[in-house]
Amino acid sequence: MSPPLLGVEEGGGNTTLATSPSIDGVPRDCSGLKERNYLGLSDCSSVDSSAVSSLSDENKSNLNLKATELRLGLPGSQSPEREPKLCLLGSGKLDEKPLFPLLPSNDGICSSLQKNIASGNKRGFADTIDGFSELKSSKYTDGNWMFHVTGPASENVQSGGQGKFPANAGMKAMLPSRNSGAQSAVPKEALQKPAPECPRALNGTGVNQTRASNNAPAAKAQVVGWPPIRSYRKNTLATTSKDNDEVDGKPGPGALYVKVSMDGAPYLRKVDLRNYSTYQELSSSLEKMFSGFTIGQCGSNGTPGREMLNESKLRDFLHGSEYVLTYEDKDGDWMLVGDVPWEMFIDSCKRLKIMKGADAIGLAPRAVEKSKARN
Amino acid sequence: MDPSKSRDSAESTRVIQFPNDVLERILSLIDSHRDRSAVSLVSKAWYNAERWTRRHVFIGNCYAVSPQIVARRFPNIRSVTLKGKPRFSDFNLVPPNWGAEVHAWLAVFADQYPLLEELRLKRMTVTDESLKFLARKFQKFRALSLLSCDGFSTNGLEAIATDCRHLTELDIQENGIDDISGNWLSCFPENFTSLEVLNFASLSSDVNFDALERLVSQCKSLKILKVNKNITLEQLQRLLVRAPQLTELGTGSFLQELTAHQYEELERAFIGCKNLHALSGSWEATTLYLPVLYPACTNLTFLNLSYAALPSEELAKLVAHCPHLQRLWVLDTIEDVGLQAVASNCPLLEELRVFPADPYDQDINRGVTESGFLAVSLGCRKLHYVLYFCRQMTNAAVARIVQNCPGFTHFRLCIMKPGQPDYVTNEPMDEGFGAVVKTCTNLRRLGVSGLLTDLTFEYIGRYAKNLETLSVAFAGGSDRGMQCILDGCPKLRKLEIRDSPFGNGALLSGLEKYESMRSLWMSACKVTLNGCKMLARQRPRLNVEVMKDEDMDDGQSYKVYVYRTVAGPRTDAPSFVHTL
């Protein structure tokens, strides 16, 4: 169920250009496509009504979303600079089914590339995105209104749900593509209408509107605003739909329970990693789970134990001075949580451990320094 | 003179003249704005009495009238309800920055209604500046409700919490809000006690729990509390014991793992909530602790599970404890089995909304079908409001459903694949919807879907005599369809159409009708600019607004929004909106 994960491995190669001969209307010469292109809308927007520009918008929006999805400041496993021309041909989707009718053959290839890119250096993305639009990735919180992120070219960041089809893009970004939720979050309406009613394509920007070309196949096209569900609900459902696998009440085929231990806690807990789609969710959930044990333990900050129950303190708990979240991977090594893409993480994680900062020296130098600084 | 004789002669010739203050006293008891509109048409005296006594004004289309006109007519308004953008803006069919800004209204209100107490906005653009303005300028402001609005952030909420000393209601629902932080909750003053309604379920930032707990303890009149999903069960328990008087509760995510002791405490807390009649929350499918709710469900009349992906068994167990349920909102994860459980356990059900959990995946066979709907219609004979998203439907099922429940007032059926026929007979869904309009004589709102020919619209025009709102998508065969609607349906107020082959002929056939309607929306239809211009020319009291349809690449398609107005063309229209 996780082709994108595999794609991450292979995606580093320059396979796309050579293996997508059936792309119509897409410039094969990507020499003009440099690193900044997929972030630099201006370059692509000059190519009017072209699939490239629309794709770049799409990709840009999707990439933006993907980039901001990982909120733990990943060091970045792939640099985005290497992939831009590949990502421009990306279909802008996370799963196999092509969203954009112009690129029916891009299943899997571009989605993997896109995953590639999106899982790259978050900070790099955030920086360039910031310079590009008014969006701040910090505003991107779980379950947040996705439209902000998808409207880089729209001035009003707070315009809410008015961009074209951003909610769907937002949904995709919120979930890793392994999720059936993400797959289902991708709209693929097959329009059975005559040609004049061209299927509407994704448009993440609202400014450089995508133009569905006249030869767009009717099958597997998305329709803006259909089914008629409010954007807020669409975004929220995207996060709940991933739980549908476990709907039977017993762990579904994908349930992934791992033990979680914490230094100083009297007993261990178990969490199902399939319940989360981002590090942030896992982190918050663990915070809540282990909140009882932190009373008094973060007293080095000078805060009374009761305050540990405050939300802000809880948030600081794992990101803060004392504790780091680590996991044991398939090889038996203890690694710092947050380095690799989420997919890779849950594939290789065997157990979790919340370590005290002092024990985590060598794993998380920054965290230890932070704790020293605070003390 | 014999009083009865004089009264008789008075009644036969003219309206009885009450002294003004008596008239005003009587009229001030009338709340419904439709009744008041009727009252104002009786005579000049009644018009004046009515306008002086009106405290609440409802404006269904913010561009139909200007704030100055409103203020001129109604000098004593304390409460305003404003609706802005066309409904299809909820589904991204309206570009950003379209308008419906509330600030122009607030500016006039600050002058004319300084004692304004309540503001309820739907689909309006509200900025943080507007919220700050609101908080500063209206000293008696008490109730703010924002539904499906956009343009503001949690910073704006901070201003409301800080400066509105008498706030009783803060209801933030499903908005395009920039959720920066939960700090706004901490902005309520220390000794704040007046809150009665607090709904922040749709905000995702964490709030300071201590501040929330204190707020709940101090506000003894708090009746409605809907927290966001970050509130844990343990925290919920602490809130509940401080607010057993709650009548409506929205829980957090129900995800925490509890010890036995915590579970008992939570159960006790719910038992203590004896006045609960509405319950909602964002529950995960794997929630273990639903049983703690059971004791509180006895008096439930409204259960909103539309953000809870519950499987059918969990729902069945839950509704078994809700015998008095009148309104139920669910996700289609409960499937037909879940609906059967509803049918068996909730005979008093009047409203059912089934939302799709996976709206975009056409290939999965999950969700609800016609059997679920049919089952509910058999078990819940009082059903009159349904919103139903499904992937398959048959004409026969729809016909039987309305036979079982002829009292439908709102029938909104959404077969999610556009243009899908009856999956058994492969025929259009004409006969199904025909049955709906023939049988349900009280039908006020209709949403159609599936494969539909003009015949459906013939039926609607002919039979739906009380229809006020009609939503059409991917339906119809020719102009004739829309014409039938406009020629029939005497009470039609709102018509919204997308992706249907209705052109200028159809548009212009409504010339006589549009001024009696609130609005018409057409997008991705066959209407051209010329047709719209013709309409605008012939009906100067309508605003005919066109927007280039960016989704269509032929450069010829327009989105058309037509509405009656006494305020003339919009002065704040963005560049992409052209008023013809």
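First the proteins, then the strands, lettered A, B, ... as listed; each starts at 1.
- With a 4.5 angstrom heavy-atom cutoff, B:F88 does not touch chain A via any of its atoms.
- Taking the six-membered ring where the residue is Trp, B:F474 and A:W226 present perpendicular rings, their angle passing 60° and hence far from 30°.
- Not one N or O on the side chain of B:S523 forms a donor-acceptor pair closer than 3.5 Å with the backbone of B:K559.
- Neither the backbone nor the side chain of B:S471 comes within less than 4.5 Å of any heavy atom of chain A.
- Contacts of B:L451 with chain A are absent, with no heavy-atom separation under 4.5 Å from either backbone or side chain.
- Using a cut-off of 4.0 Å between Lys/Arg side-chain N and Asp/Glu carboxylate O, B:D90 and B:R123 are scored as salt-bridged.
- No side-chain donor from either of B:R353 and B:S306 sits under 3.5 Å from a side-chain acceptor of the other.
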